[in-house]
Amino acid sequence: MKNFGINLMWFTTIYVVVFAILCQTELFLPAIIGMAFLGICLMLLLIFTVLHDEGYKTNKKFKDWYQDNSKKNLVH
């Protein structure tokens, strides 16, 4: 996932920047709407790819908390 996820992140970022620039032009409206839909799909794919990484395994659970900060240090 590392290479695919990172490459997808870069592609999505560049795509969104290009989309934002093209929105400032007088481009054909259906093209802008189509690009917006594709951008949303790219972002959803990116989120799914990062959160559903099969290559990353851990035996820690949420109850293990964070390693750098214990529950005793929390201020209520």
Side-chain angles (χ1 to χ4, degrees):
M1 187 299 280
K2 230 176 205 180
N3 288 335
F4 178 71
I6 291 172
N7 291 337
L8 182 61
M9 186 265 314
W10 278 111
F11 179 75
T12 304
T13 302
I14 293 168
Y15 183 86
V16 168
V17 169
V18 169
F19 172 73
I21 292 169
L22 288 176
C23 281
Q24 300 303 315
T25 65
E26 294 183 16
L27 194 63
F28 190 52
L29 186 60
I32 293 287
I33 293 172
M35 288 181 69
F37 179 73
L38 182 61
I40 292 169
C41 292
L42 278 172
M43 285 189 244
L44 291 175
L45 177 64
L46 177 63
I47 292 167
F48 177 78
T49 302
V50 169
L51 293 179
H52 195 270
D53 182 16
E54 294 292 332
Y56 182 76
K57 301 289 182 202
T58 184
N59 55 3
K60 297 194 183 289
K61 304 291 182 202
F62 186 71
K63 65 180 174 117
D64 295 329
W65 204 247
Y66 299 100
Q67 293 178 350
D68 60 342
N69 197 4
S70 69
K71 289 183 181 180
K72 295 176 187 175
N73 294 337
L74 291 177
V75 179
H76 294 284

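All values below were derived from every heavy atom in this structure, side-chain atoms included, with hydrogens, water molecules and symmetry-related copies excluded. Given the structure is predicted, the values throughout are model-derived calculations rather than measurements.
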Honestly curious: do [X] and [Y] fall in one hydrophobic cluster under the side-chain, below-4.5 Å linking rule?
X: Val16; Y: Ile47; result: no
X: Leu44; Y: Phe48; result: no
X: Tyr15; Y: Phe28; result: no
X: Ile14; Y: Ile32; result: yes
X: Ile6; Y: Leu42; result: yes

The reported gap from CG in Leu38 to CZ in Phe19 (rounded to nearest 0.5 angstrom) is 10.0 Å
Looking at CE of Met43 and OG1 of Thr13, how far apart are the two atoms once the value is rounded to the nearest 0.5 Å?
-> 9.5 Å
For Leu8 and Leu46 the tightest heavy-atom approach is CD2-CA, 3.7 Å
Over all heavy atoms of both residues, which pair between Thr25 and Leu22 is shortest? Give the atoms and the distance, please.
-> OG1-O, 2.6 Å
With no hydrogens and no angle check, is any side-chain donor or acceptor of Thr12 less than 3.5 Å from a backbone partner on Met9?
-> no
So, do Phe37 and Ile33 sit near enough that their side-chain heavy atoms are less than 4.5 Å apart?
-> no
